[in-house]
Protein chains: 2
Amino acid sequence: MGKPPHTSYHSDPRVDALVDETIGRVADKWTLLVLEALEEAGEQRFSAIGRAVPGISQKMLTQTLRQMEREGLVTRTVHAEVPPRVEYRLTDLGHDLAEAFCGVWHWAERNIEKIEAARAAFDARK
Amino acid sequence: MGKPPHTSYHSDPRVDALVDETIGRVADKWTLLVLEALEEAGEQRFSAIGRAVPGISQKMLTQTLRQMEREGLVTRTVHAEVPPRVEYRLTDLGHDLAEAFCGVWHWAERNIEKIEAARAAFDARK
DNA sequence: CTGAATCCTACCTGATACTG
DNA sequence: CAGTATCAGGTAGGATTCAG
């Protein structure tokens with residue numbers, strides 16, 4: 001493959017593959033959106049996250065949170081109450097990732113007009 | 001929804017939705033990997049990108065490049081030759097996005113061990 | 001070489017029902 | 001409330017084949 005020198009400090013292809021794999025698991029729409037919701041509001045319960053991420057199905061929310069928990073991005077705390085209350089919170093690792101993604105959010109905000117224009121031009125050409 | 005204050009400078013929900021939509025289109029595995037390949041090697045032809053992104057199918061490469069072209073992230077140059085040569089290059093917009101994603105790459109590199117450990121712990125617990 | 005077209009599978013999504 | 005289970009419909013993605 002040949003991973004970029006400026007992002008790899010060691011040229012171990014095994015590590016490169018792991019980075020790719022990690023990116024693949026972390027760079028999906030729902031993870032990004034959930035990450036952002038938790039970064040903003042801090043510890044939150046299941047349904048609150050669902051409300052903060054419009055369009056996500058309950059199934060995908062569960063699945064995304066499980067995966068994030070598995071990757072060490074969030075902690076899951078079950079309070080032994082009735083009705084049950086489950087709270088999710090970003091770990092330090094998750095918080096760091098959220099910060100890393102901030103740049104992407106800002107890029108998107110800054111460039112909405114350019115993107116819309118590019119799309120319009122592309123669609124008109126076709 | 002209530003998009004984070006620290007990422008939104010205007011609280012226009014229409015803009016927030018657009019940002020979400022844009023993130024959704026741009027934050028997928030293949031776009032990220034292709035972006036990185038182009039950022040590293042500069043202008044490149046179709047097959048070279050394919051080689052630089054191991055695991056991508058030709059279909060996904062074509063599709064990803066089309067979408068990136070539509071979003072204004074890359075330019076596509078067809079050289080009238082036999083055999084045909086098509087070269088892709090990042091636009092300024094694409095380059096900016098690549099830089100924004102650098103933080104995520106570095107995060108992944110820095111934290112491979114933590115992620116692997118978290119996963120092992122999670123799987124052992126289950 | 002580039003990439004469109006096809007087939008086929010796996011997964012996402014939404015809806016609904018059920019548990020602790 | 002916070003899930004799990006299931007089913008139907010759609011879509012994304014891989015493999016293969018063919019064309020300019």
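Letters A, B, ... mirror the listed sequences (proteins, then strands); counts begin at 1.
Both A:Ile56 and B:Leu65 lie near DNA chain C, and the one whose nearest nucleotide falls closer to the 5' end is B:Leu65. Each of B:Asp28 and A:Thr62 was matched to the nucleotide of DNA chain D holding its nearest heavy atom; the match closer to the 5' end belongs to A:Thr62.
With rounding to whole Å, A:Arg76 atom CZ is found 16 Å from D:dC1 atom P. In this entry the distance linking CD of A:Gln67 with P of D:dG3 reads 16 Å, nearest Å. Here D:dA2 presents its P atom at 11 Å from CD of A:Glu81, a figure rounded to the nearest Å. Taking atom CD1 of A:Ile49 as the reference point, atom P of D:dC1 lies 14 Å away to the nearest angstrom. Counting to the nearest Å, the C1' atom of C:dA4 and the CG atom of B:Leu61 are 14 Å from each other. For the pair A:Met60 CE and D:dT4 C1', the computed distance is 13 Å after rounding to whole Å. Look at CD on A:Gln44: it is 15 Å from P on D:dC1, rounded to the nearest Å. Summarising the geometry, the separation between CZ on B:Phe46 and P on C:dG3 is reported as 6 Å, rounded to the nearest angstrom.
Contact annotation: B:Arg45 side-chain N/O to C:dC1 OP1/OP2 distance is not under 4.0 Å. Put simply, A:Gln63 has a side-chain N or O that comes within less than 4.0 Å of OP1 or OP2 on C:dC12. The side chain of A:Arg51 places no N or O atom within less than 4.0 Å of a non-bridging phosphate oxygen (OP1 or OP2) of D:dC1. Note on B:Tyr88: a side-chain N or O is less than 4.0 Å away from OP1 or OP2 of C:dG3. Of the side-chain N and O atoms in A:Trp30, one or more sit less than 4.0 angstrom from OP1 or OP2 of C:dT13.
Comparing C:dC1, D:dA2, D:dT4 against the side chain of A:Arg66 picks out D:dT4 as the nearest. The nucleotide whose nearest atom lies closest to any side-chain atom of A:Ser47 is, among D:dT4, D:dG14, D:dA2, D:dA2.
If you take NZ on A:Lys114 and CD on B:Glu71, they are separated by 14.5 Å, rounding to the nearest 0.5 Å. How far CG of A:Leu97 is from CD1 of B:Ile115: 8.0 Å, rounded to the nearest 0.5 Å.
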Could you pull out the protein-nucleic contacts involving nucleotides 15-20 of chain D (nitrogen or oxygen on both sides, under 3.5 Å)?
none

Verdict with reasoning, B:Val26 to B:Leu35, per side-chain contact (heavy atoms from CB on, under 4.5 Å)
CA-CA 10 Å; B:Val26 136; B:Leu35 199 66; over 6 Å; no

side-chain contact (heavy atoms from CB on, under 4.5 Å) between A:Arg25 and A:Gln67, intermediate numbers included
CA-CA 8 Å; A:Arg25 273 195 310 270; A:Gln67 184 164 347; 3.6 Å; yes

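Direction of the helix axis in the helix from C:dC1-D:dG20 to C:dG20-D:dC1 shifts by 40° between the two five-pair termini, rounded to 10°.
Between the side chain of B:Thr31 and the backbone N or O of B:Ala27, no donor-acceptor pair lies under 3.5 Å.
For the residue pair A:Arg51 / A:Ser47, a side-chain donor-acceptor distance below 3.5 Å is found, with atom types taken as modelled.
Taking all atoms of both residues into account, the shortest heavy-atom contact from B:Thr22 to A:Ala108 is CG2-CB, 4.3 Å. Across every non-hydrogen atom of A:Met60 and A:Gln63, the tightest pair is CE-OE1, 3.1 Å.
Of the charged side-chain nitrogens involved, at least one lies within less than 4.0 Å of a carboxylate oxygen, so that A:Arg70 and B:Asp123 count as a salt-bridged pair.
Ring geometry, B:Phe46 versus B:Tyr88: the interplanar angle falls from 30° to 60°, so the pair is classed tilted.
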